[in-house]
Amino acid sequence: MPETERIRVPMKEQIAALLRNTLHELIAQGAIPEYDLETISVSVPARKEFGDFSTNVAMIMASQAKKKPRDIAQTIQERMARLSDVFDRVDIAGPGFINFTVSPLMWVRVLNTILEKKDRFGTSAFGRGKKVQVEFVSANPTGPLHVGHGRGAAVGDTLARILKAAGFKVESEYYINDVGNQMNILGLSVLSRYREIFGKDSSFPENGYKGDYIRKIAQSLSEARGDELLCREESDAVTACREFASDFILNGIKEDLALFNVHFDQWFSEAALYRDHKVEHTLDFLKERGLSYEAEGALWFRTTGFGDEKDRVLRKQDGSLTYFAPDIAYHQDKLERGFKQIIDVWGADHHGYVPRMKAAIEALGADKDCFHALLIQLVSLVREGQPVSMSTRSGEFVTLREIIDEVGKDVCRYFFMMRRSDAQLVFDLDLAKKKSEENPVYYIQYAHARICSILRNAAEQGLSPEPSLLEEDALSTGDDLDLIKMIAGYPDVVVSSAADLEPHRISFYLLELATAFHRFYNRNRVISDDGRVTMARLILVVAVKQVLANALSLMGIEAPESM
RNA sequence: GCGCCUGUAGCUCAGUUGGAUAGAGCAACGGACUUCUAAUCCGUAGGCCAGAGGUUCGAAUCCUCUCAGGCGCGCCA
């Protein structure tokens, strides 16, 4: 690999590649036992004195070959240590770890890579262009998005961006449940409020949607259509109300998401599944393969054949379909569109639904591992130390829009990503509004703004960072190197959060990077009397600024020039 | 009753396919602005990783059981 190519790859991968080459040679020579080189692991040690990278291969080989780990380690160490342009030291430690200390020059060169790749630093070919779909939010168009949807939106959108950065071909999609009983109830609810406006007697449906937004929709409908629906047949009027309301709400949802910096590649309508006969097609598909059967007046799907605990109903006794039936058709359509990996972001309360969906995927002829349900746990709001009560049924829920308006889009997105998806989240509205060190969003954005400020000051003095003037030995202090190592690790963070579908890791990384920068800032001067160091550090902070901006952009958060 | 998730510092949480002496933020205490933004930094203190067994060179991480909390177990969506 030519030198210029080598520095484009994350440092950890470079080390792993060098190690793999060395092991390959040593195995060929019979110096060490046979080993599957694809599975070797290089990690960053917990403690700084153990160097920059570490591998446990010697111990693993030893246990398989019944040899002494340290003997194997020594053979590997001697060979690796010859790569003196890469490593300052190669040590054996503890039970048989091999620890690598990468030379400062190698680290400093990472800065060139960052400045060269700019907003593409952190992207990689990890996903090999594999076609992946992330479906999220997918809230019924029966009401505005609430806080829980917001978390799904933030997580789903960030995950899609991460996967894209990691080299997958990603499509994000919103599934619109615009069919079904809930839509009729929506129509009835609106019709009732519509009649109210014209002073007509109207009994509000029992399970109707009680929120104020229904009144607004009815008002808007009355302005658009006058009283013409009053004399229509009930069913026609309901249909008209339903369609009007559905469009109205969906437009609101789209506006909210746009405000939240969430964008979808596809909006997929459930109604379109029926219109295109895809549900029929899927039911036929299952029937032809003997995967469904009639019993007790209903049509059943034999999901138990694929690991589900009981068979599931597709068509009810009353002849109507369950929610599951179109959902299978929908996923069959996803498979037909060529997605190799299908990721559904769901509320955690749907987790009981996962086994049957996996069963369906398998029944449709795909590998069940190509389907992932990412379960998002509950969000609860706290204000002044007190829980904010929320209940969809009573119509007293806090909307996503209200939270965005109150605390801002950036804070909101970050807070939704502060926890692992499968952990419950307490959203502290008072903390979210604090503009201080306690609020991680400002802490991180402040780091970016501080760097911009330094660069403005430098510009006033006629100094501008010029990568070709970077003198590698000018960044020799531990603080400089610590910061470089921190940003050099960014591509690994992106890859690992993509591989494990754990977008929250970006938010933790950002916090660590901001901390590292603030520490650096307080202990070192960027602009000083020393021209060489000044130039080198200007380049360093430009690189840090770039990585902060890149990571923030993955989260859909702004990187302000000043605060 | 069965299944899924969670249990790590006083609080909120990280912990990268099992790695070395378990980390961060907040809260507490003590320090740092004549210096590129103090929306910042440094230091101190804080732990039986819920508990008990097991697997191995090595466990917060994997297996079994117990306890505690949340959720699910519909011909609802």
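In what follows, every chain begins at residue 1, and chains take the letters A, B, ... in the order their sequences are listed.
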Contact list (N/O, under 3.5 angstrom) for nucleotides 42-47 of chain B vs protein:
| residue | atom | partner | partner atom | Å |
| --- | --- | --- | --- | --- |
| B/rC42 | OP1 | A/R519 | NE | 2.7 |

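- Rounded to whole Å, the distance from CZ on A/R70 to P on B/rA20 is 16 Å.
- Using a 4.0 Å heavy-atom distance criterion, A/N140 is classed as a sugar-phosphate-only contact.
- The salt bridge (charged side-chain N to carboxylate O under 4.0 Å, His left out) pairs that include a residue from residues 291-302 of chain A are A/E294-A/R315, where partners are two or more places apart or lie in different chains.
- Mapping A/V42 and A/N522 onto RNA chain B by nearest heavy atom places A/V42 at the nucleotide closer to the 5' end.
- With sequence neighbours excluded, the residues forming a side-chain hydrogen bond (donor to acceptor under 3.5 Å, both in side chains) with A/T477 are A/D480, listed by chain and number.
- In the model, A/D91 has no side-chain atom that pairs as donor or acceptor with a side-chain atom of A/N99 under 3.5 Å.
- The backbone N or O of A/P560 sits less than 3.5 Å from a side-chain atom of A/H448, completing a donor-acceptor pair.
- One interatomic measurement links the two molecules: CE of A/M61 to C1' of B/rG19, which rounds to 17 Å at whole-angstrom precision.
- The side-chain hydrogen bond (donor to acceptor under 3.5 Å, both in side chains) test applied to A/Y521 returns no partner, not counting sequence neighbours.
- B/rC33: glycosidic angle within 90° of 0, hence syn.
- At whole-Å resolution of the value, NE2 in A/H448 and P in B/rA39 are 18 Å apart.
- For the pair A/H504 and A/D349, nearest-nucleotide mapping onto RNA chain B gives the more 5' position to A/H504.
- Side-chain contact annotation: A/Y330 with A/T282, donor-acceptor N/O pair under 3.5 Å absent.
- Atoms CG (A/D500) and P (B/rU61) sit 18 Å apart, rounded to a whole Å.
- Between the CG atom of A/N524 and the C1' atom of B/rU40 there is a distance of 14 Å, rounded to whole Å.
- The pair A/E558-A/K409 meets the salt-bridge criterion, since a charged nitrogen lies less than 4.0 angstrom from a carboxylate oxygen.
- With centroids closer than 5.5 Å and planes inclined by less than 30 degrees as the test, A/F97 and the base of B/rG19 fail to qualify as a stacked pair.
- Checking B/rC75, B/rC36, B/rA14 against every side-chain atom of A/I527, the shortest atom distance belongs to B/rC36.
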Polar-atom pairs under 3.5 Å, protein N or O versus N or O of nucleotides 5-12 of chain B: list them with distances, or write none.
| residue | atom | partner | partner atom | Å |
| --- | --- | --- | --- | --- |
| B/rC5 | O2' | A/D422 | O | 3.3 |
| B/rU12 | O2' | A/R419 | NH2 | 2.1 |

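- A/S528 comes within 4.0 angstrom of nothing in the nucleic acid, heavy atoms only.
- Considering only the side chain of A/Y443, B/rU40 comes nearest among B/rA20, B/rC75, B/rU40.
- Nearest to the side chain of A/E296, among B/rA77, B/rA39, B/rC75, sits B/rC75.
- Across all strands, A/A93 comes closer than 4.0 Å to base atoms (heavy-atom distances).
- Base contact: A/Q317 has a heavy atom under 4.0 Å from a base atom.
- We find the CG-CD distance between A/N140 and A/Q182 to be 4.5 Å, quoted to the nearest 0.5 Å.
- For the residue pair A/T101 / A/D52, no side-chain donor-acceptor distance below 3.5 Å is found, with atom types taken as modelled.
- A/Y175 places its OH atom 11 Å from the C1' atom of B/rA77, with the value rounded to the nearest Å.
- A/V44 comes within contact range of at least one nucleobase, with a heavy-atom separation under 4.0 Å.
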Sugar-phosphate atoms are those with a prime plus P, OP1 and OP2; base atoms are the rest. Using that split, label each nucleotide of nucleotides 54-59 of chain B B, S or - for protein heavy atoms under 4.0 Å, 5' to 3'. ------
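- Among the heavy atoms of the strands lying under 4.0 Å from A/N99 is at least one base atom, whether or not backbone atoms are also near.
- Ring centers of A/Y353 and A/F324: under 6.0 Å apart, within the cut-off.
- If you check every strand for non-hydrogen atoms under 4.0 Å, A/E512 touches nothing.
- Ring-to-base geometry places A/H350 in a stacked arrangement with B/rA77 (centre distance under 5.5 Å, plane angle under 30°).
- B/rU61 and B/rG15 have their C1' atoms separated by 9 Å, given to the nearest Å.
- With distances taken from any side-chain atom of A/H351 to the nucleotides B/rC75, B/rU21, B/rC4, the minimum falls on B/rC4.
- For A/R383, the salt bridge (Lys or Arg N to Asp or Glu O under 4.0 Å) criterion is met by A/E406, not counting sequence neighbours.
- Judged as a side chain to side chain contact (heavy atoms under 4.5 Å, CB included), and not counting sequence neighbours, A/D349 has no contacts.
- If you check B/rG3, B/rA77, B/rC36 against the side chain of A/N457, the one that comes closest is B/rC36.
- In this structure, the CD atom of A/E502 is 13 Å from the C1' atom of B/rU61, given to the nearest Å.
- Between B/rA14 and B/rA50, the two P atoms lie 14 Å apart (nearest whole Å).
- Side-chain atoms of A/F508 lie closest to B/rA14 of the nucleotides B/rU40, B/rA14, B/rU16.
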Given salt bridge (charged side-chain N to carboxylate O under 4.0 Å, His left out), test A/R420 with A/D422 step by step and report yes or no. CA-CA 6 Å; A/R420 264 194 352 249; A/D422 57 5; 3.0 Å; yes
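- In this structure, of B/rG74, B/rU17, B/rC36, it is B/rC36 that holds the atom nearest to the side chain of A/I454.
- When heavy atoms are screened at a 4.0 angstrom cut-off, A/S41 is found touching base atoms of the nucleic acid.
- Taking 3.5 Å as the limit, the base of B/rA20 and the side chain of A/S54 contain a donor-acceptor pair of atoms between them.
- For A/R519, the salt bridge (Lys or Arg N to Asp or Glu O under 4.0 Å) test picks out no residue, with sequence neighbours left out.
- Minimum atom distance to the side chain of A/A46 is reached by B/rA20, of the listed B/rA20, B/rC73, B/rU16.
- Taking A/N457 as the reference, A/S453, A/E460, A/I527 meet the side chain to side chain contact (heavy atoms under 4.5 Å, CB included) condition, with sequence neighbours excluded.
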A correct dot-bracket answer for RNA chain B, with pairs being Watson-Crick or G-U at under 3.5 Å, [ ] for crossing pairs and | for inter-strand pairs, is (((((((..((((.....[...)))).(((((.......))))).....(((((..]....))))))))))))....
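- Among the protein residues, A/A458 comes within range of no part of the nucleic acid, since none of its heavy atoms lies under 4.0 Å from any strand.
- Distance from the side chain of A/E49 is smallest to B/rU21 among B/rA38, B/rU21, B/rC75.
- Put simply, CG on A/L501 is 13 Å from P on B/rU17, counting in whole angstrom units.
- Applying the side-chain hydrogen bond (donor to acceptor under 3.5 Å, both in side chains) test to A/E362 and every residue at least two apart in sequence or in another chain returns nothing.
- With hydrogens and angles left out, the side-chain atoms of A/E270 and A/N177 include a donor and acceptor closer than 3.5 Å.
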